[in-house]
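In what follows, every chain begins at residue 1, and chains take the letters A, B, ... in the order their sequences are listed.
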Number of protein chains: 2
Amino acid sequence: MSIRDLARHLNISIGTVSRALNGKSDVNPETRERVLQAAKELGYVPNQSGRSLRQGTTNTIGFMIESSIETADNGGSFFMPVFEGVQSVFRRHQLDLVALLCGTDEDPGAYLNRIVGRRFVDGLIISATMRNDPRITFLLERKIPFVTLGRSATGGQYPWIDLDFEGVAATAVTRLLKFGHQRIAIGVPASDINLGYVFVDGYRRALSAHGISFDPDLVFRANSNEEGGYRVATAMLAQKQMPTAVILVNENMAIGLYRRFYEAGIHPGRDIAVVGFRESTQSRFLSPTLTCFRISLRDLGIKLAEALLSTMPAFASNYPQDSIDLVWPMELVPGESDGPWLGT
Amino acid sequence: MSIRDLARHLNISIGTVSRALNGKSDVNPETRERVLQAAKELGYVPNQSGRSLRQGTTNTIGFMIESSIETADNGGSFFMPVFEGVQSVFRRHQLDLVALLCGTDEDPGAYLNRIVGRRFVDGLIISATMRNDPRITFLLERKIPFVTLGRSATGGQYPWIDLDFEGVAATAVTRLLKFGHQRIAIGVPASDINLGYVFVDGYRRALSAHGISFDPDLVFRANSNEEGGYRVATAMLAQKQMPTAVILVNENMAIGLYRRFYEAGIHPGRDIAVVGFRESTQSRFLSPTLTCFRISLRDLGIKLAEALLSTMPAFASNYPQDSIDLVWPMELVPGESDGPWLGT
DNA sequence: ATGGCTTCCGTAAACGTTTACGATTTCATA
DNA sequence: TATGAAATCGTAAACGTTTACGGAAGCCAT
């Protein structure tokens with residue numbers, strides 16, 4: 001069922017059929033109607049390869065999602081809603097979105113090189129941005145439109161959207177200080193993901209804004225999952241003077257942390273304050289419910305899509321450049337996991 | 001950087017270049033070496049559109065992942081490891097795997113029709129199979145190779161792999177009966193996903209095998225997330241005679257269930273037995289830790305890939321047909337959430 | 001010297017689209 | 001009526017690749 005078959009069936013040329021289907025102006029409205037009708041009846045859908053070959057564009061966007069061991073167990077709850085949002089925008093432009101999950105046993109650079117080299121996608125969304133991310137320099141020199149979810153220390157001119165980790169750190173720190181806490185710890189990912197650096201920076205700045213000196217012993221690095229949270233709690237318990245509060249960069253860590261404290265007979269929310277990130281269905285149903293930060297992942301996805309489109313020549317006219325380099329604000333949702341310090 | 005440029009640069013014809021790159025036999029080893037060398041130096045990667053157009057094959061497989069509201073929050077933890085496994089097999093055959101997430105505001109049938117019509121993929125993996133799934137009949141009549149994760153009541157000849165829900169139900173029921181429980185409830189998804197039907201069937205059969213009559217009031221339907229678990233617990237509490245044990249089809253439900261019981265002052269593992277499904281990082285760190293079933297999702301993914309390849313003419317020779325229609329066994333992992341019935 | 005292999009390589013068609021260009025018709029206007 | 005513009009459509013080239021086919025060269029045996 002090619003366009004040629006369709007043309008033969010209608011007794012008109014394939015050029016006219018193509019123009020009719022693509023909404024070009026120089027075609028008789030009546031003919032167009034006949035073509036569209038026949039296309040629907042015969043179930044004709046244009047072959048993407050032929051179209052791509054001719055126009056040099058694939059009408060697909062790739063969303064590269066990290067699937068490392070660390071994030072494999074919880075990444076989905078984050079990415080799925082974002083993906084939803086991105087897709088809702090692309091659908092309006094007949095763009096198909098595909099998720100590209102680079103396997104753990106393949107080098108992300110090589111993977112990206114293959115995808116880009118094959119002209120598989122017209123643009124890319126890059127997530128889990130590293131502090132120094134070779135993917136960014138690669139895409140820049142290949143002039144592939146892209147946007148990153150998460151800023152990076154890598155140089156160059158490209159749009160990025162990131163969560164407001166400084167804001168989160170500042171809000172959490174001030175809140176906990178107001179509650180009377182003095183030793184406030186944080187739990188951040190052990191990997192080289194840039195998120196960790198930004199978070200620690202924000203934490204540091206927030207502390208110094210209140211005249212409190214930074215204590216490196218209060219920064220706990222671990223995997224961003226339940227096991228990591230468990231380890232953080234264990235490390236906290238081992239300190240001569242245990243922190244009275246802790247800020248976690250990942251809500252999955254909270255479960256492991258809760259568990260470790262439960263084993264030690266320590267009640268989060270009473271004996272120790274916990275602030276998590278980010279709000280999810282989970283955080284509302286933990287006991288105690290987690291104080292954390294709310295964010296509309298779907299809206300984030302929408303902004304991501306718009307930022308990408310603004311860098312693509314074919315769509316840039318509809319999307320002004322001002323939607324790029326965005327720091328996404330988040331709102332604190334109080335839970336039962338923190339409160340006034342009752343200790344000595 | 002097309003094959004033509006490469007040929008010009010080497011002063012040989014494009015036909016020879018193509019043959020050299022594709023490992024055809026009728027090319028001088030020395031020439032082949034030169035071609036491969038030049039391709040690497042100049043960073044040549046064959047254009048996928050051109051290749052697809054010519055061979056009628058795209059070298060990509062689609063993994064259609066459900067992203068409905070219900071599963072958006074937890075689907076990732078399940079699919080990511082499966083995806084990993086699938087990808088590890090496809091990589092060996094130079095096949096690229098892409099995740100296709102059908103947005104919630106688009107009809108899955110229409111989405112699939114577009115993907116297939118465009119000749120976007122050579123094969124498909126379908127998940128979240130419905131009891132009556134129009135996608136299956138569609139793919140069958142279009143003769144697109146596919147495999148489903150989850151069996152279906154839809155007729156036709158196609159490979160599927162499913163988890164052993166009967167086994168899970170039987171094991172859980174016998175275990176709980178041995179513990180002295182009499183009123184054993186189950187929590188299953190409210191949607192039309194076939195998984196729910198199979199699970200209830202297994203539960204029913206397991207009960208009757210022990211001479212216990214089936215009580216429809218013990219089947220609780222809810223969303224497969226934390227909120228659903230909360231609702232299930234609420235419904236259980238409302239019954240005149242509360243069940244003494246409950247089997248959940250989703251471990252995320254356990255969190256919500258725990259929460260509701262916590263609010264009611266009831267301790268899972270002591271006052272009520274909970275058996276969950278499936279084991280995850282979470283289930284090991286909940287308090288109490290969840291008795292549940294273990295499964296290697298990566299291995300599951302590998303089998304899925306093999307089943308699909310066995311139906312694709314180009315690969316079938318390497319993959320015998322016996323790997324299809326598989327019921328995946330699972331192993332129980334005891335936790336703290338169930339035990340002997342201590343009630344009256 | 002001729003014929004027949006084998007080895008290697010070039011030529012050209014084909015895949016399904018889109019689109020620049022030109023051809024034809026229609027129609028109003030001079 | 002002649003003319004030009006507008007509307008509509010057909011023709012053919014082009015995108016990058018693979019591959020069937022044939023040709024050229026080399027070699028060996030007759």
| said: Can you confirm whether or not the ring centre of B:Y319 sits under 6.0 Å from the ring centre of B:H93? | reply: yes
| Does any N or O in the side chain of A:T137 come within less than 3.5 Å of the main-chain N or O of A:P134, such that one atom is a donor and the other an acceptor? | yes
| Reference residue A:I161; test side chain to side chain contact (heavy atoms under 4.5 Å, CB included); the match among A:D325, A:T148, A:L326, A:L308 | A:L326
| request: Check every nucleotide of DNA chain D for an atom under 4.0 Å from a heavy-atom of chain B, then give the first and the last such nucleotide from 5' to 3'. | output: D:dG16 to D:dA20
| With under 30° as parallel and over 60° as perpendicular, where do the rings of A:F120 and B:F120 fit, or are they tilted in between? | tilted
| field | A:R151: partners by side chain to side chain donor-acceptor pair (under 3.5 Å), with sequence neighbours left out | value | A:D162, A:E166
| message | Can you tell whether the side chains of A:R135 and A:D133 come within less than 4.0 Å, N to carboxylate O? | response | yes
| request: Assign B:S52 to base, sugar-phosphate, or nothing according to its heavy-atom contacts below 4.0 angstrom with the strands shown. | output: nothing
| request: Please determine which of A:L6, A:V27, A:V17 meets the side chain to side chain contact (heavy atoms under 4.5 Å, CB included) test together with A:I12. | output: A:V17
| message | Let's see if you get this right: which residues in residues 7-23 of chain B place a heavy atom under 4.0 Å from DNA chain D? | response | B:I14, B:G15, B:S18, B:R19, B:N22
| Pair B:N194, B:T129: side-chain N/O donor-acceptor within cut-off below 3.5 Å | no
| message | Under 4.0 Å, heavy atoms only, any strand: does A:R4 hit a base, just the sugar-phosphate, or nothing? | response | base
| said: Judged by each residue's nearest nucleotide on DNA chain C, which is more toward the 5′ side, B:D26 or A:K24? | reply: B:D26
